[in-house]
Amino acid sequence: MLAIIGGSGLYDLNSLGSQGHNSLRQESVRTEYAATAVTIDLLETEAGTVAFLPRHGKTHHLPPHKINYRANIAALKKLGANEILAINAVGGINASAGPGSLIVPDQLIDYTWGRASTFFEDNLDRVVHVDFGEPFTAGMRERVLKAVKQANEQSEDPRLLMERAVYACTQGPRLETAAEIVRLQRDGCDVVGMTGMPEAVLAREQGLDYAMLALSVNWAAGIVPGEITMAEIEAVMAEGMDFLRQVLKLFLRLDS
Ligand code: HPA
């Protein structure tokens with residue numbers, strides 16, 4: 001089963017169900033990683049059942065460092081997910097990742113700290129080191145790229161697409177300083193967000209395929225002069241989400 005994890009701006013899968021049977025039900029999944037259950041939407045589509053989980057909560061009340069990534073991934077695994085498509089809002093560092101553009105990262109650098117970032121820490125028979133050299137699943141990335149290209153062909157407002165990129169995951173919730181962005185640039189990062197990690201590695205630890213489709217919602221700090229405002233971010237996000245939903249619709253129609 002495919003699971004979609006929605007980021008900022010994507011809190012439901014409305015409009016994605018196939019006509020006539022876009023019935024939605026909810027499952028509350030308990031895991032050993034949270035006192036409360038994780039609520040997951042299940043949508044029946046022509047491609048089968050799709051799970052949806054908004055990582056910031058339905059009402060966007062969880063900041064990036066407070067998200068219970070382990071509970072989310074464990075719950076999706078328990079429900080039967082075998083692949084996750086993550087949707088993430090990012091700031092653009094690379095000149096090709098300006099607001100409104102889409103990015104399918106192939107690499108990441110983790111700058112977060114203090115997050116519960118592994119399933120393998122307690123009651124182990126042996127220490128576990130997962131391979132993470134390629135953090136995103138190649139086959140899934142190809143399908144995401146195909147869906148974005150199809151959406152572009154059908155749209156009067158095609159989007160710039162970065163087919164490879166290095167995603168920097170910062171701690172947040174504050175945005176970065178201009179000097180931090182210069183450092184990320186020197187490190188080879190193209191886009192910056194706050195929620196890609198530990199989500200991606202936890203999926204790997206559970207044996208789930210994982211790819212990210214990111215929407216740039218602002219230029220990262222210092223890339224262009226002036227403050228980054230939430231109003232600006234929200235406007236780009238609102239505009240981009242319709243396109244993203246179309247990409248998701250096309251993605252569901254592709255053979256996996
Ligand atoms: N920095 C970090 N995370 C983000 C940004 C940013 O500029 N924009 C959207 N998510």
Side-chain angles (χ1 to χ4, degrees), residues 4-11 53-57 59-67 69 72 84-115 117 135-136 144 148 159-162 165-201 210-245 247-248:
I4 295 172
I5 299 185
S8 299
L10 187 69
Y11 310 108
L53 173 57
R55 70 166 77 76
H56 295 282
T59 53
H60 202 137
H61 59 282
L62 288 170
H65 64 297
K66 292 281 191 186
I67 293 169
Y69 296 95
N72 288 352
I84 294 175
L85 175 57
I87 306 298
N88 295 64
V90 295
I93 300 174
N94 187 300
S96 303
S101 63
L102 294 174
I103 302 97
V104 182
D106 64 324
Q107 277 295 334
L108 64 80
I109 300 181
D110 186 8
Y111 299 91
T112 66
W113 47 270
R115 301 183 181 186
S117 56
F136 301 105
V144 177
V148 175
R159 303 274 161 160
L160 273 179
L161 169 63
M162 271 193 93
V166 179
Y167 171 95
C169 193
T170 55
Q171 177 72 355
R174 68 168 177 83
L175 294 165
E176 297 71 36
T177 66
E180 285 169 336
I181 294 300
V182 171
R183 173 194 172 203
L184 297 187
Q185 221 164 13
R186 273 200 308 267
D187 283 356
C189 300
D190 299 300
V191 294
V192 55
M194 301 173 187
T195 52
M197 284 293 284
E199 197 174 270
V201 74
Y210 186 96
M212 180 192 292
L213 173 58
L215 170 69
S216 171
V217 294
N218 59 281
W219 286 112
I223 298 285
V224 295
E227 259 180 51
I228 300 169
T229 67
M230 281 311 288
E232 203 185 332
I233 287 180
E234 277 159 17
V236 182
M237 203 171 312
E239 216 199 349
M241 278 306 150
D242 285 344
F243 190 89
L244 245 159
R245 283 177 191 275
V247 175
L248 291 177

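One-based numbering, in listed order, for ligands and for the atoms of each. Residue numbers count from 1 along this sequence.
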request  = Measure the distance from atom 10 (N) of ligand 1 to every protein heavy atom, then report the residue, atom name and distance (to 0.1 Å) of the closest one.
outcome  = Ala89 O, 3.4 Å
Residue pair Ile103 / Tyr167, side-chain heavy-atom distance below 4.5 Å = no
query = For Thr170 and ligand 1, does the shortest N/O to N/O distance drop below 3.5 Å?
reply = no
query = What is the closest protein heavy atom to atom 4 (C) of ligand 1, and at what distance does it sit?
reply = Val192 O, 3.5 Å
query = Counting both backbone and side chain atoms, is some N or O of Val217 under 3.5 Å from an N or O of ligand 1?
reply = no
query = Out of Ile87, Leu213, Ile84, which residue meets the side chain to side chain contact (heavy atoms under 4.5 Å, CB included) rule with Ile4?
reply = Ile87
task = Return the residue, atom name and 0.1 Å-rounded distance of the protein heavy atom closest to atom 7 (O) of ligand 1.
result = Asn218 ND2, 2.9 Å
remark   = heavy-atom search around atom 1 (N) of ligand 1 in the protein gives Glu176 OE1, 2.7 Å
query = Asp187 versus Tyr111: any side-chain heavy-atom pair under 4.5 Å?
reply = yes
message = As a quick check of understanding, evaluate side-chain contact (heavy atoms from CB on, under 4.5 Å) for Leu215 and Phe243, giving each step before the final call.
response = CA-CA 10 Å; Leu215 170 69; Phe243 190 89; over 6 Å; no
Any side-chain heavy-atom pair of Lys66 and His61 under 4.5 Å = no
message = Return the closest protein heavy atom for atom 5 (C) of ligand 1 as residue, atom name and distance.
response = Gly91 N, 3.4 Å
message = A side-chain contact here means heavy atoms from C-beta on lying under 4.5 Å apart; do Leu85 and Leu248 qualify?
response = yes
request  = Give the atoms of ligand 1, by number and element, whose distance to some non-hydrogen atom of Leu175 is under 4.0 Å.
outcome  = 1 (N), 5 (C), 6 (C), 7 (O)
